[in-house]
Amino acid sequence: MSNAQTKADIVAITMPKWGLSMTEGKVVGWLVDEGRELQPGDPVMDIETEKIANTFEALDAGTLRRKIADVDAVLPIGALLGVLAPATVPDAEIDAFVTEFQANYVPPAVEEGDEGPGYQFVEAGGRRLRYARRGDSGPAVVLIHGFGGDCDNWLFNLDPLAAVARVYALDLPGHGQSSKAIVDGSVDALAQAVLDFLDAVDVDAAHLVGHSLGGAVALAVAAVAPARVRALSLIAPVGLGARIDGDYVHGFIAAESRRDLKPVLQRLVANAELVNRQMIDDMLKFKRVDGVGDALRAIANGFVDGQAQRIDLRAALATLTCPVQVLWGGADRIVPQADAADLPAGVRFHRLEGVGHLPHLEAANAVNALLKDMTIGLA
Amino acid sequence: MARKILFQQAINEALDQEMARDSNVIVMGEDVIGGTGADGEMDAWGGVLGVTKGLYGKYGERIMDTPISESAFVGAAVGAAACGLRPVCELMFIDFLGVCFDQIYNQAAKFRYMFGGKAKTPIVIRTMIGAGFRAAAQHSQCLYPVFTHIPGLKVVIPSSPYEAKGLLIQAIRDDDPVIFCEHKALYAMEGEVPEESYTIPFGEANVVREGSDVTIVALARMVGFAEKAAAALAKDGISCEIIDPRTTSPLDEDTILESVENTGRLVVVDEASPRCGMAADIAALVAQKAFGALEAPIELVTPPHTPVPFSGVLEDLYIPGPARIEAAVRRIAEYA
């Protein structure tokens, strides 16, 4: 991610890497002026990639001393966008820092090869599962996407978490580029697939992070194999309340065109503009792969019945002894946050205001901070 | 990032996966087993450009080399389709379809209609289109408007490897006759293509690039040229939306009209001859149904109404290129 080359207190702001396929980003606009005091998490600029547009937030504290990147410039990951430093650092030192940075900066080589950077496949439990793998040391963290998603849903989270953990993000069976044949679409069967995956990649125990249906899957893994789960982070999980937006689930399965799919996907987020053409096209491409329709119907049947949830994992949650946190968007229209009242004592609850059903995309920095804290606590 | 393969490998993979999935799928055509330099069918070169290479070894008699008689083997394929097979017929160049036109437009295209839905004709005719190969007037045409004109035929024109595989699988599974047009200049194009089988529905345009000032509708090789033009124009602050209809029959009218309603300006780029071509057809559609949205005359970028020249210099001038597209966009972007 866009961390920092420091010299004295001078910090570089650099083009982040959002997702495995990102090689460059476009500067849509600066949101702050030179001279502004920034804290970590303050919005700095809007950046657009071919996949997604997002606000880039400060990772470090300091005064914005220099804007380097021009609006509309398309820059490779790691390129210098701006410079943070205390107001006391003389301009000449800032100039020298910029000169040195630019002289040493080498854009990352565009990877050649069949599968691109970071994606791998493994045979697990008789199926082929695709996963993304980042980070060299620290506890294992396994990211489990929701219904209809894939490992690319974690594009804003993978690299930040890799700073403190060995991160795995898999495509569940029936999803992404994993095998599409589903014999049993139940949450328990998906949990078994995650356990098969942990065996296949040789991970004894991990911090499981599950979103939506993936949250129910993570909880189900912890219920049947508590020794494999060191901590649980559940993001807008299924399994803790009675209700779910069944129209979303069935609308997603039924949608065959951009026109049908766009309004369905827009229900996921608080700000409908986050759903861009590329996101819709990627979803349609996935849905048009042979076997996906049957897989999605089988899996939906395992957890949705009309507007009601089919599974209740609250009892399982109450028996867990590992640290557990639950993150929820206050504007979630798919799995209502109100249903998560009265969680067992000891479960940490974080409500993210103004955020829909995709907090890890919509409020990535806040979610990353909470996931990192939980992970660092295990080290 | 998905796996990247060539356009012609995407065609081969679509044929391979559909032949594996459905034993009724057969391939027939001139030299689809053997071909260039082959001294016998066992050489299995796989067609003049090697597109069907490797299929004979896997599927044996389901790959058939035919005599050089298009009227005979296309007629046989139409009959086979009516009797339950799913023939994929390769008719080397679209220029040659004239010799088997009755089989296509009076037989295949009419069966379902004339027999009240009791017969279907699931045949795909794969054929090469396009200029740029110094192949002169009889091997370079873009005759897809001729087939678009005929009710009962579906006409498919992929512009990338992803489109080629998904549209060909859709064509093979479709119960109506499909004319599948492959631009020769795209065979070596590389792009991301999923390994698994997938389909792209007919009648759904692809929005290749989003923009707000001018809509460019382009087909086949012209899509890439439009992208080059749009990239150059973006530097001058002119924002182009590029729409690739992908199928001319059925045609996704809604996507084109919605785009023009946003931009108010239209350029249609078509490598086919200008008279009664796709450019004229799409211009008429927009003039009729989005007249109120238009803020400038519609520009058509096409070759001149002549045969494709054999002279290399003239052929290069004949083919619409990025510079002509860029100039057309500038003319109407500045129109007040």
Side-chain angles (χ1 to χ4, degrees), chain A residues 19-23 26 48 50-51 53 71-74 110-121 128 130 132 150-152 155 171 174-181 255-262 273 276-293 295, chain B residues 1-6 9 13-14 17-18 20-22 160-163 165-167 169-170 172-173 190-212 227 231 234-239 241-244 246 250 252-255 257-259 262:
Chain A
L20 294 181
S21 63
M22 177 172 170
T23 56
K26 179 179 168 183
E48 187 179 280
E50 62 174 8
K51 296 276 181 206
V71 172
D72 286 340
V74 176
V110 175
E111 307 253 352
E112 296 285 337
D114 281 352
E115 294 304 336
Y119 295 112
Q120 298 174 44
F121 287 89
R128 188 171 186 239
R130 184 183 70 154
D150 65 25
C151 65
D152 287 333
L155 81 170
D171 291 347
H175 287 80
Q177 291 181 30
S178 290
S179 300
K180 300 304 182 298
E256 289 182 349
S257 67
R258 257 194 323 270
R259 259 179 214 86
D260 295 341
L261 191 56
K262 188 173 183 178
E273 284 181 16
N276 62 8
R277 179 182 63 88
Q278 188 67 44
M279 185 187 285
I280 299 167
D281 280 357
D282 286 349
M283 276 295 171
L284 279 177
K285 283 183 176 179
F286 160 65
K287 281 171 54 62
R288 287 169 178 173
V289 171
D290 278 6
V292 167
Chain B
M1 209 174 286
R3 173 195 61 146
K4 286 187 173 176
I5 57 174
L6 304 180
Q9 291 169 326
E13 194 168 276
Q17 291 180 352
E18 284 306 282
R21 191 184 73 92
D22 181 352
S160 73
Y162 177 82
E163 259 78 28
K165 180 174 170 182
L167 289 168
I169 291 175
Q170 178 76 25
I172 293 169
R173 295 180 188 179
E190 196 181 50
E192 291 183 7
V193 177
E195 289 172 49
E196 297 163 288
S197 297
Y198 61 92
T199 54
I200 299 172
F202 292 166
E204 185 192 279
N206 182 32
V207 181
V208 180
R209 177 186 177 111
E210 285 179 309
S212 54
E227 286 185 272
K235 290 183 182 140
D236 290 341
I238 300 173
S239 160
E241 181 146 297
I242 302 175
I243 294 174
D244 171 12
R246 300 198 284 213
D252 181 354
E253 299 186 357
D254 290 346
T255 297
L257 293 169
E258 279 168 20
S259 177
N262 287 330

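Just so you know, these numbers use all the heavy atoms, side chains as well, and skip hydrogens, waters and symmetry mates. Below, read A as the first sequence line, B as the second, and so on, with proteins coming before strands; counting in each chain starts at 1. All values reported here derive from a predicted model rather than from experimental measurement.
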Contact origin within Lys287(A) toward chain B - heavy atom pairs under 4.5 Å: neither

Per-residue contact mode, Asp72(A) against chain B (heavy atom under 4.5 angstrom): neither

Side chain, backbone, both or neither of Glu256(A) within contact of chain B (heavy atoms, under 4.5 Å): backbone

Minimum heavy-atom distance Arg258(A)-Asn206(B), with the two atoms named: NH1-CA, 4.5 Å

Spatial distance of atom CG (Asp290(A)) from atom CZ (Arg21(B)) [nearest 0.5 Å]: 6.5 Å

Short N-O contact, Glu241(B) and Arg277(A), less than 4.0 angstrom: no

Chain A contacts, top residue of Val207(B), Asp254(B), Ile200(B) (heavy-atom pairs, under 4.5 Å): Val207(B)

From CD (Glu192(B)) to NZ (Lys285(A)), nearest 0.5 Å: 7.0 Å

